[in-house]
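Everything quoted here is computed from the prediction, not taken from an experiment. All ligand and atom numbering here is 1-based and tracks the order in the structure.
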Amino acid sequence: MSIERADVIVTSPGRNFVTLKITTSDGVVGWGDATLNGRELAVASYLGDHVASMLIGRDEDRIEDTWQYLYRGPYWRRGPVTMAAIAAVDMALWDIKAKKAGVPLYQLLGGASRSGIRAYAHASGTDYQALANAITGYQELGFTAVRVQTGVPGLGQVYGVSASGPGVRYDYEPAKRAADGSAATAPTEESWDTAGYLAHMPGVFERIREDFGTGLRILHDGHHRMSPIEAARFAKDIEPYKLFWLEDCTPGEDQTALRLVRQHSTTPLAIGEVFNSVYDYQTLITERLIDYVRSAVTHTGGITAMKKLLDFAAIYGIRSGIHGPTDISPIGMAAALHLDLAIHNFGIQEYMPHNEQTLEVFQTSFTFDDGFLHPGEQPGLGVELDEDAAAAFEYTKAYLPVNRLTDGTVHDW
Ligand code: EZ4
Ligand code: CO
């Protein structure tokens, strides 16, 4: 048996998703997620124009060999486009292998290490009351962990904060279409002021601890916006509120920045959603500069690469915090859940439910119940794409927003 077809499917049920469909000569279908938010067609081309023909005729069971063939073979290594493409192939091959074995994928990864996967939700609000209402809403759904993001006095719309009102679900963390829903031609711009943010946030965490007690796991995302010394000061200032993690406090490409943050605080650190290779973590892991690995399976070379990365992290007592925003398709989310269930050094899983249209296109079997996710027992990844439903949603160009400081300087994202 061998790979007979490799097809790339681009669909836009509210937001853009890129999916790889691999079909074997005896008709087994595997699915992989290759979505790179705001740069979707680059991966679709990488897969469709360069990778698909290399797959035809290969033995679908040779997952490690295929991974190395696609990583080492082309000379150009790493980068988000390449690694999202490799991830999609890898996920699809694991999906096929588990379907052929008749077991949910996590069984091939060593079986379940836990009964459920603790998830965190995105609670946000432009002001404290809206944020508190959102936290309460998520607690009522069973969540024991929330990422909290809020507006900064004097700034307008802030990335990661729902503008639509307390507790309202949102497909946020956008790449944004134009205001009328048609294709965008350029990103929107938001303004940012780090000094205002640093002055405001510690008081927000203080109020959350007063109102919600010590049991709530509080996470916060700095979106790479602080300089090393600003991040060190911030991590130290918020130490009394005992965050579960502070995410992306500094720009991700500068690994040694986190040495400075570590020297000054014991606030746990998470980073990696923009990383795509184990080498992005080499210093961070070996020097124990982080506590959680934030990579997405979709952006870090798939299940094969993530398993190795997380095993490497485990040796240093570092846990998983796999990226799970709505720009990861349900296929990428399912891949994360099978890993989460199987690995020993699981930390927490980000969870933003997809909208109804997305769930019409991607039929999922994973579940959320009282704060915990589970990948389900369907053979394979447990997600099937409905090609007719997908065809109804045409690709619509969208961009992540650009940040400028209040003096107009382009700032970190
Ligand atoms: O903004 O995935 O922690 N989660 C995040 C994400 C990112 C988007 C960017 O594509 O920061 O929601
Ligand atoms: Co983030």
Side-chain angles (χ1 to χ4, degrees), residues 12 14-18 33-43 80-81 83-84 87 119-124 134 138 143 145-150 157-163 169-177 184 187-188 190 192 197 201 217-226 231 243-253 258 268-276 280 290-300 320-333 335-336 347-355 358 397-403 411-413:
S12 195
R15 70 178 315 145
N16 298 317
F17 295 106
V18 179
D33 178 25
T35 308
L36 187 63
N37 197 13
R39 291 292 185 272
E40 300 86 3
L41 296 187
V43 192
V81 174
M83 298 310 283
Y120 73 88
H122 283 206
S124 73
Y138 284 117
F143 282 96
V146 288
R147 186 188 89 160
V148 299
Q149 307 296 125
T150 186
Q157 173 71 46
V158 169
Y159 186 80
V161 178
S162 169
R169 82 165 301 283
Y170 62 131
D171 276 321
Y172 207 75
E173 316 295 335
K176 278 186 190 155
R177 297 175 173 182
T188 57
E190 295 176 354
W192 180 249
Y197 163 78
M201 280 315 294
R217 291 166 179 80
I218 302 172
L219 297 78
H220 178 67
D221 194 341
H223 280 298
H224 316 101
R225 288 168 178 163
M226 287 166 266
L243 265 59
F244 184 89
W245 79 35
L246 170 62
E247 172 183 348
D248 290 344
C249 58
T250 50
E253 60 268 42
L258 293 186
L269 301 177
I271 204 163
E273 70 181 51
V274 299
F275 294 176
N276 49 74
D280 295 325
I290 56 170
D291 301 280
Y292 297 94
V293 165
R294 285 289 285 141
S295 272
V297 185
T298 303
H299 301 141
T300 314
S320 70
I322 299 181
H323 196 212
T326 45
D327 48 278
I328 298 296
S329 89
I331 296 166
M333 187 68 189
I348 203 161
Q349 174 62 52
E350 182 176 26
Y351 179 45
M352 294 177 77
H354 289 97
N355 68 22
T358 301
K397 190 159 72 162
Y399 289 91
L400 282 155
V402 168
N403 250 324
H411 192 53
D412 288 296
W413 183 84

Notebook entry, point to check: Backbone or side chain, does E350 get an N/O/S atom under 2.8 Å to the Co ion (ligand 2)?
Noted result: no
Next item on the list: Determine which of the N, O or S atoms in E273 is closest to the Co ion (ligand 2) and give its atom name.
Entry: OE1
Check: Are Y197 and W192 close enough that their ring centers fall under 6.0 Å?
Finding: yes
Next item on the list: List every atom of ligand 1 that sits less than 4.0 Å from any heavy atom of D221, numbering the atoms from 1 in the order shown and giving each element.
Entry: 3 (O), 4 (N), 5 (C), 11 (O)
Notebook entry, point to check: Is D248 close enough that one of its N/O/S atoms sits under 2.8 Å from the Co ion (ligand 2)?
Noted result: no
Next item on the list: To the nearest 10 degrees, could you say what angle the Co ion (ligand 2) makes with OD2 of D221 and OE2 of E247?
Entry: 100°
Note to self: Strictly distance-based, threshold 3.5 Å: is any side-chain N or O of E247 a donor or acceptor partner for the main-chain N or O of D221?
What the structure shows: no
Check: Which atoms of ligand 1 are found less than 4.0 Å from any heavy atom of Y159?
Finding: 1 (O), 7 (C), 8 (C), 9 (C)
Next item on the list: Under 4.0 Å from a heavy atom of E247: give me the atoms of ligand 1 that qualify, with their elements.
Entry: 3 (O), 4 (N)
Item checked: contact_flag H323 ligand 1 heavy-atom lt 4.0 Å -> yes
Next item on the list: Look only at the side chain of H354 and the backbone of I328, and say whether a donor-acceptor pair between them is shorter than 3.5 Å.
Entry: yes
Item checked: Ligand-residue contact atoms, ligand 1 with R147, heavy atoms, under 4.0 Å -> 3 (O), 4 (N), 5 (C), 11 (O)
Notebook entry, point to check: Hey, does Y159 have a side-chain heavy atom less than 4.5 Å from the side chain of N403?
Noted result: no
Note to self: I'd like to check which ligand 1 atoms, numbered from 1 as shown, lie under 4.0 Å from a non-hydrogen atom of N37.
What the structure shows: 9 (C), 10 (O)
Next item on the list: May I ask which of Q149, R39, R15, R294 has a heavy atom nearer to atom 3 (O) of ligand 1 than the others do?
Entry: R294
Item checked: R177 and S12 side chains, donor-acceptor separation under 3.5 Å -> yes
Check: Hey, is E350 touching ligand 1 through its side chain, its backbone, both or neither, going by heavy atoms under 4.0 Å?
Finding: side chain
Next item on the list: List every atom of ligand 1 that sits less than 4.0 Å from any heavy atom of P325, numbering the atoms from 1 in the order shown and giving each element.
Entry: 2 (O), 6 (C), 12 (O)
Next item on the list: Report yes if the side chains of C249 and L258 come closer than 4.5 Å at any heavy-atom pair, otherwise no.
Entry: yes
Next item on the list: Examine H122 against ligand 1 and note whether any of their N/O atoms are separated by less than 3.5 Å.
Entry: no
Next item on the list: Output yes when a side-chain donor or acceptor of H122 lies under 3.5 Å from a complementary backbone atom of G160, and no otherwise.
Entry: no
Note to self: Do V158 and Q149 make a side-chain contact, defined as non-hydrogen atoms from C-beta onward lying under 4.5 Å apart?
What the structure shows: no
Next item on the list: Find out whether R15 and N37 are in side-chain contact, i.e. whether some heavy atom of one side chain is under 4.5 Å from a heavy atom of the other.
Entry: yes
